[in-house]
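Report on one structure; see the data block that follows.
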Amino acid sequence: MRNPTPLPPALEAAPFSVHQADAHGIPRGRLRARDLTATFRAVRVPLALLREASPERKFWILCQAYRAKLPKGWFFSGATAARILGVPVPRRLEVLEVHVSAPTPKLRPRGRHVRGHCAPGAATRNFNGHEVREPAELWCELATVLTLDELIQAGDRIISDQPVRLASRERLEQVVRAHGGRRGARLLREALPQLRENVWSPKETWVRLVLLRAGLPEPARNRDIYDARGKRVAIGDLVYDEYMTLVEYEGERWHADAQSIIDVDRFNTLSRLGWTIVRIRRHHTAEDVERMVRAALVANGWRG
């Protein structure tokens, strides 16, 4: 069988619409060749992009493919918008499909790999070329599919400045009031006062919630730590200045890359300065976290 005619580089590098192919003068018959797949109607994806792609990469290819046909006024929503924005969602929502919302029920998106929704009057934002639901309104939408702690983790990310603040706390308060008594309202009202700024990972949120629910004092978040000469020696995940105690959550990459070398040197410096470091990893349970941090605080003068 003869190999398909090569496509222009722009069409080989990313999903493309049939309209884009027409603009490049590509015959319709070429779009039925075996090196392309019709992920969505009127969209083609070069199969070479999917070979050996990770699940995360396949998700992004799927978003690119639907973006190639996204009508004006439609936008990514739900877990899809959250992943595009970098808002954490649980593994159960990281599936190979896209959530897309339309402004009227009659236009609700349909098709394979698509979850269609209707959101009249929704505010949107263009984020890295993707039209998504405005982050504060998105947080309200996520309240219908997340647990309380998952919603707090998502909210922490939205109002924190790493890598970029997506919405202010005031904006979240505004949209929660506007949400009224609709689905998820109770969870939103419960989560809102538990949100904190300056949180850099969902695991930091988890540790903070464990500590507070155990009756331990609330630590500062991502606080600069200085030596006696005023030189910054570290930024601590969760910091108890008064008790010279630092709580660090170590991700799975900790022992696998150059950052681990930096962290070892940083921990050694902090130890010399008198800091107690509580290091938490994936295998630790909530009970482990409470026990270890409580013991460190008591040893350093906390009396409860």
Side-chain angles (χ1 to χ4, degrees), residues 10-23 26 28 31-146 150-151 154 158 166 182-184:
L11 301 188
E12 288 184 336
F16 59 89
S17 67
V18 171
H19 177 73
Q20 288 172 307
D22 289 342
I26 306 299
R28 289 296 177 93
L31 302 184
R32 294 190 291 272
R34 66 181 185 277
D35 65 332
L36 299 174
T37 181
T39 307
F40 300 116
R41 184 180 179 184
V43 176
R44 299 294 184 270
V45 178
L47 286 173
L49 298 178
L50 299 172
R51 294 192 188 102
E52 300 182 7
S54 67
E56 181 70 10
R57 178 61 186 150
K58 288 179 180 178
F59 164 75
W60 283 103
I61 291 171
L62 200 66
C63 290
Q64 286 181 299
Y66 205 89
R67 187 178 68 179
K69 62 170 286 182
L70 195 68
K72 184 176 177 59
W74 293 27
F75 54 90
F76 293 109
S77 57
T80 303
R83 294 174 73 181
I84 290 170
L85 289 164
V87 174
V89 295
R91 184 75 50 93
R92 69 178 184 278
L93 298 182
E94 293 182 348
V95 296
L96 197 59
E97 64 183 13
V98 290
H99 289 258
V100 180
S101 291
T104 63
K106 290 183 179 180
L107 297 176
R108 188 187 300 270
R110 294 180 176 83
R112 188 166 58 103
H113 300 307
V114 180
R115 288 283 189 95
H117 308 273
C118 172
T124 63
R125 175 186 299 183
N126 189 282
F127 189 84
N128 292 336
H130 295 81
E131 198 69 21
V132 299
R133 189 161 196 178
E134 187 264 329
E137 290 188 5
L138 173 64
W139 191 60
C140 292
E141 183 181 355
L142 292 174
T144 65
V145 294
L146 299 182
E150 291 164 352
L151 191 62
I158 287 172
L166 298 172
R182 283 176 284 176
R183 187 180 170 201

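Only this structure's heavy atoms are used, side chains among them; waters, hydrogens and symmetry mates stay out.
Atoms CZ and CG, on Phe127 and Leu166 in that order, are 6.0 Å from each other to the nearest 0.5 Å. Residue Leu49 holds its CG atom at 9.5 Å from CZ of Arg51, rounded to the nearest 0.5 Å. Considering CD of Glu52 and NZ of Lys58, their distance stands at 10.0 Å, rounded to 0.5 Å. Rounding to the nearest 0.5 Å places CZ of Arg67 at 12.5 Å from CG of Leu62. To the nearest 0.5 Å, the span separating CZ on Phe16 from NZ on Lys69 amounts to 14.5 Å. Cys63 contributes atom SG, which lies 10.5 Å from atom CG of Leu70 (distance to the nearest 0.5 angstrom).
Listed here is the closest heavy atom pair of Pro103 and Gly73: CD-O, 3.6 Å. Closest heavy-atom contact between Ala68 and Gln20: CB-OE1, 4.2 Å. Between Leu151 and Trp139, the shortest heavy-atom contact is O-NE1, 2.9 Å. Contact detail for Pro105 and Cys118: the closest heavy-atom pair is N-SG, 3.3 Å. Across Pro109 and Ala102, no two heavy atoms sit closer than the pair CD-CB, 3.9 Å. Across every non-hydrogen atom of Glu94 and Arg83, the tightest pair is CA-NH1, 3.3 Å.
Using a 4.5 Å heavy-atom threshold, the side chains of Leu31 and Leu36 count as touching. Side-chain contact between Leu107 and Trp74: present, with at least one pair of heavy atoms (C-beta onward) separated by less than 4.5 Å. The side-chain heavy atoms of Val45 and Phe40, taken from C-beta on, include no pair separated by under 4.5 Å. Side chains of Leu11 and Pro46 form no contact here, defined as non-hydrogen atoms less than 4.5 Å apart. In this structure the side chain of Leu85 reaches within 4.5 angstrom of the side chain of Pro135, judged on heavy atoms.
Side chain of Trp60 to main chain of Ile84: no donor-acceptor pair is present (N/O by atom type, distance under 3.5 Å, no hydrogens or angles).
Listed by chain and residue number, Leu93, Leu142 satisfy the side-chain contact (heavy atoms from CB on, under 4.5 Å) test with Val145 (two or more places apart in sequence, or in another chain).
A side-chain hydrogen bond (donor to acceptor under 3.5 Å, both in side chains) check over residues 117-138, counting only residues at least two apart or in different chains, returns the pairs His99-His117, Thr124-Glu131, Asn126-Glu131, Arg133-Glu137, Arg133-Glu141, Glu134-Arg171. Each salt bridge (charged side-chain N to carboxylate O under 4.0 Å, His left out) pair with one or both residues in residues 35-44, not counting sequence neighbours, appears once here: Arg30-Asp35.
Counting non-hydrogen atoms of other residues, nucleotides and ligands closer than 6.0 Å to NE2 of His19 gives a total of 12 or fewer. Counting heavy-atom neighbours within 6.0 Å of Glu56 CD, excluding the residue itself, gives a total above 12.
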query = Can you check side-chain contact (heavy atoms from CB on, under 4.5 Å) on Val100 and Phe76, steps first, answer last?
reply = CA-CA 4 Å; Val100 180; Phe76 293 109; 4.0 Å; yes
